[in-house]
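No hydrogens, no waters, no symmetry mates; every other heavy atom, side chains included, goes into these values. Just so you know, ligand 1 is whichever comes first in the structure, and atom 1 is the first atom listed for that ligand.
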Amino acid sequence: MLYSREEMLEMNIKLLIERTVTVEDIAEVAYRQQSKWSDAITMEQCVESVMKILSYRDVFHLLQLGVEIDRLAEEGIIREPMRSVLQKDFGMFGIDELFGLEIAGKYGTIGKTNFGDIDVNKPLVVDRLNADGKEAGKMCHTFLDDIVGAIAAAASTRVAQMNKELEAADDPTVKKIRLELDLD
Ligand SMILES: [Ca+2]
């Protein structure tokens, strides 16, 4: 049960692909959110941040459990009254958002605010998951749309924090050291 961070990252990426989502899909959401505020943001930073977040143990548990609930709902194994609530991603349910807040909360209040923005505006892959999940006969993405949005929000916040650190260090030598330190 005690997987290494590399193993958890690998299992998370595999599971996301099974559920039609790539690391790049999530990184694009982070990039879109953060590039509004700064020109210094790159897609590479966003991809790297998404991978970092996907390797955390608590994110591993939230993603794996959330998708498992989606799958059970999709296969009709979960009984009523929860089956319909989950299959329709009922707006007043809110436990899926709780999973999202837990992930985004790793990056403080800003992380949670960024998740709120993604949750309301549903950019890119989040919109697709939300729409597909509500359509009968398609996959259930009740938990996944929030989890994906939250990983994007966490990645976006992490990239912003890292770039602020880099800005703070004007000295090119310090800049290089900080990059090598791989700031969390
Ligand atoms: Ca949802």
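Using a cut-off of 3.0 Å, one finds that Glu97 contributes no N/O/S atom close to the Ca ion (ligand 1). In summary, an N, O or S atom of Thr142 is located under 3.0 Å from the Ca ion (ligand 1).
Of all N, O or S atoms in Asp96, the one lying closest to the Ca ion (ligand 1) is OD2. Asp146 contributes OD2 as its N, O or S atom closest to the Ca ion (ligand 1). Summary: OD1 is the N/O/S atom of Asp145 found nearest to the Ca ion (ligand 1).
Taking the charged nitrogens against the carboxylate oxygens, Arg128 and Asp145 have no contact shorter than 4.0 Å, which rules out a salt bridge. Ion pairing between Glu75 and Arg83 fails under the 4.0 Å rule for side-chain N and carboxylate O. Using a 4.0 Å cut-off between charged nitrogen and carboxylate oxygen, Glu74 and Arg19 count as a salt-bridge pair.
Looking at residues two or more places apart in sequence or on another chain, you find a side chain to side chain contact (heavy atoms under 4.5 Å, CB included) between Ile13 and Leu9, Ile17, Val23, Met51, Leu54.
Phe60 belongs to a hydrophobic cluster whose other members, connected by ILVMFWY side-chain contacts under 4.5 Å either directly or through intermediates, are Tyr3, Met8, Met11.
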